[in-house]
Amino acid sequence: MRSSRPRLRAGLAWAATLSMATGALALGIQSAGADSGPAGRAALHGIKPLWATQQADRGAAPDAGKITARVYLAGRDAAGLAQYAKEVSDPNSASYGKYLSAKQTAARFGASEQQIAQVTAWVKSAGLKVTGTSRHYLTVSGSKTAVEKAFSVKLHKYAKGSKTYRAPDATPSVPASLGGAVLTVTGLDNAPRKSHHDDTLPPPDAVFRNAGPFSTYYGSKTDKKLPSAYGSKAPYAIKGYTGEQLRAVYGGKNYSGKGVTVAITDAYASPTIAKDAGEYAKRNGDKKYRAGQLSQVLPADYNSTEECGASGWYGEETLDVEAVHAVAPDADITYVGGASCNDDDLLDSLGKIVDGRLADIVSNSWGDVEANQTPAAAAAYDQVFQTGAVEGIGFYFSSGDAGDNVASTGTKQADVPANSAWVTAVGGTSLAVGKNDKYKWETGWGTLLAPLSDDGTNWTDFPGSYTSGAGGGTSATVPQPFYQKGVVADSLSKANGTTAPMRVIPDIAAVADPNTGFLVGQTQTLADGTQGYDEYRIGGTSLAAPVIAGVQALAQQAHHGLPIGFANPGIYQRYGTSSYHDVNDHPLGAGQGLAVVRNDFVNGQDDTDGISTSLRSLGHDSSLSATPGYDNVTGVGSPAAGYVKSYSKK
């Protein structure tokens, strides 16, 4: 991930299963001064992108006008911030739960006025212009020559795939006299960016609808005329689970999220979110929103709307808001929109939440693959997450919708920022909710598709081809965090061939499979060009993340209203208890397959162009597997009734 690269809407899967991606960060803080650079200089650790290798070097980059970069400030005590973030989040620590206010955090760990002035003076003396300042960074611009001089590097061209991009030829450094005031710098590489400024947002995407018939609960409707699968007739896919069903199976019976605020970050903002959320609640039995319960914090303007597919993010925001409210109907929801899907703008959104202590829980359904991450961006994200942990804020990220990412990228890899040691990575399941909202079982989300044959007598190439599944796996860059020790097996933590264990994702999971997904309602552009409200089934770990955020709101209420903060130490502390459904791919026994039948409009809207029928086999996620115990599809499992209740104990 790099600050100039657009962030994908990771974890959003329509009923047609769009494959998206999700974000990676190191447990330790990265700052200037730990290694010596050139004489009188302090190296900035890990700034050079991993793809900028000697073999890929194509010589000096051309001087193509001004370069814009962000110089992130390390603050007064970067190492102390990371250490306190760990202590305050660990139930076994004497400092557990002793959170600081945003003001106290800034005073203790934030950049001082002297540091800001010192860094400002340095960049100006190096020939760079300061074009923007915040408490976290300086935005600077200047010529290629000035940038090279300022950071003591040469900017070269490097091959990445079929294209070449700019990157530093060595580890950037800053004057040692700055005393570790600089955390990192982003923007020295430019792979890739095609942004443009736009003041207005486009209309919502074209309408999408699911074709029936549907099951009202798992297994309620089958068609005896269709071929059998796994020894029986597979049921039709549900129309879409609602809040009542999800609350019942994930332990929300006695709690509502009252007194808790959940923030949601995405790019842009749906212009009809309040209307859509209210209409959805009314139609589906959710509690009516009270005045001020749903609010938005938006940027002054937007950019990169075409590059980022701005209107596609409306559905993401809608899903996140409606899923959180469905699970935690009394929780306040604050949507904090990014000016674009680029790292800088998403970091600004996260920074607003931390600086203003706008929420207790932050749900994020976006990201990228680890190969596209730069250590510089990772360090900037980690600083925000650590600051949030100190204030009692927990960040939740979807783990991705492309399994191990081999099918989509050619390389087996985890997603980012979900692989950060400072966030809770949320994986995905296929969920069976039975009659009377009874929990039946879950598998790891991973789908095989077999179309109905032309003569209707068999499922073609049964069990079919892989379409999508929950992201997960072993990080190539992030060491194993303390809370995973003793829980995650070496076969997973050392899966990349390392001698030292590495971070494995996800941490926890919830429903994600669009074949057993959530019913969502949104204003869309209808076939006749008008705009109108419609409902459809949706899934992806983009659903799982806000569902878990909603569950955490219930848990915080049970925790006597006290913030849970960075939840991973507590999540792993509960491993192996009645807090979780221990999810595996064969809940009915070894060799017993599971599937649903799905009908889809060929044109995505109506039967004008016909309906396609297919069998969707469950529990087949690329090379990843949901197994008894911790696994790389569902983590420790999904929340059971005992999870929320466990936080009520003093």
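Excluded from the calculations below are hydrogen atoms, water molecules and symmetry mates; all remaining heavy atoms, backbone and side chain alike, are included.
In this structure, a donor-acceptor pair under 3.5 Å is absent between the side chains of Q524 and Y314. Residues D415 and S399 bring no donor and acceptor atom of their side chains to less than 3.5 Å of each other.
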Would D266 and S365 count as a side chain to side chain donor-acceptor pair (under 3.5 Å) here? Give the steps. CA-CA 7 Å; D266 287 308; S365 297; 5.4 Å; no
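When atom types are taken as modelled, the side chain of D401 and the backbone of T541 share a donor-acceptor pair closer than 3.5 angstrom. Counting only distance, with no hydrogens or angles, the side chain of T525 and the backbone of P204 share a donor-acceptor pair below 3.5 Å. Put simply, the side chain of N496 gets close to the backbone of S475: a donor and an acceptor are under 3.5 Å apart. Without hydrogens or angle criteria, D404 side chain to S622 main chain gives no donor-acceptor distance under 3.5 Å. Put simply, the side chain of Y268 gets close to the backbone of N303: a donor and an acceptor are under 3.5 Å apart. Side-chain atoms of S143 come within 3.5 Å of backbone N or O of A146 as a donor-acceptor pair. Between the T634 side chain and the G444 main chain, no donor and acceptor come within less than 3.5 Å of each other. Checking side-chain atoms of N210 against main-chain N and O of R537 turns up a donor-acceptor pair under 3.5 Å. Under a 3.5 Å cut-off, the side chain of Q522 and the backbone N or O of T318 do not form any donor-acceptor pair.
The ring of W445 has its center no closer than 6.0 angstrom to the ring center of Y466. Within the 6.0 Å centre-distance limit, the rings of F385 and F397 are counted as a close aromatic pair.
Here K160 does not pair with D189 in a salt bridge; the nearest charged N to carboxylate O distance is not below 4.0 Å.
Considering OG1 of T460 and CG of D454, their distance stands at 7.0 Å, rounded to 0.5 Å. Atom CD in E148 sits 8.0 Å away from atom CG in D169 (nearest 0.5 Å).
Partners of Y137 by ring-ring contact (aromatic ring centres under 6.0 Å, His included), not counting sequence neighbours, listed by chain and number: Y72. By the side chain to side chain donor-acceptor pair (under 3.5 Å) test, D609 pairs with N603, sequence neighbours left out.
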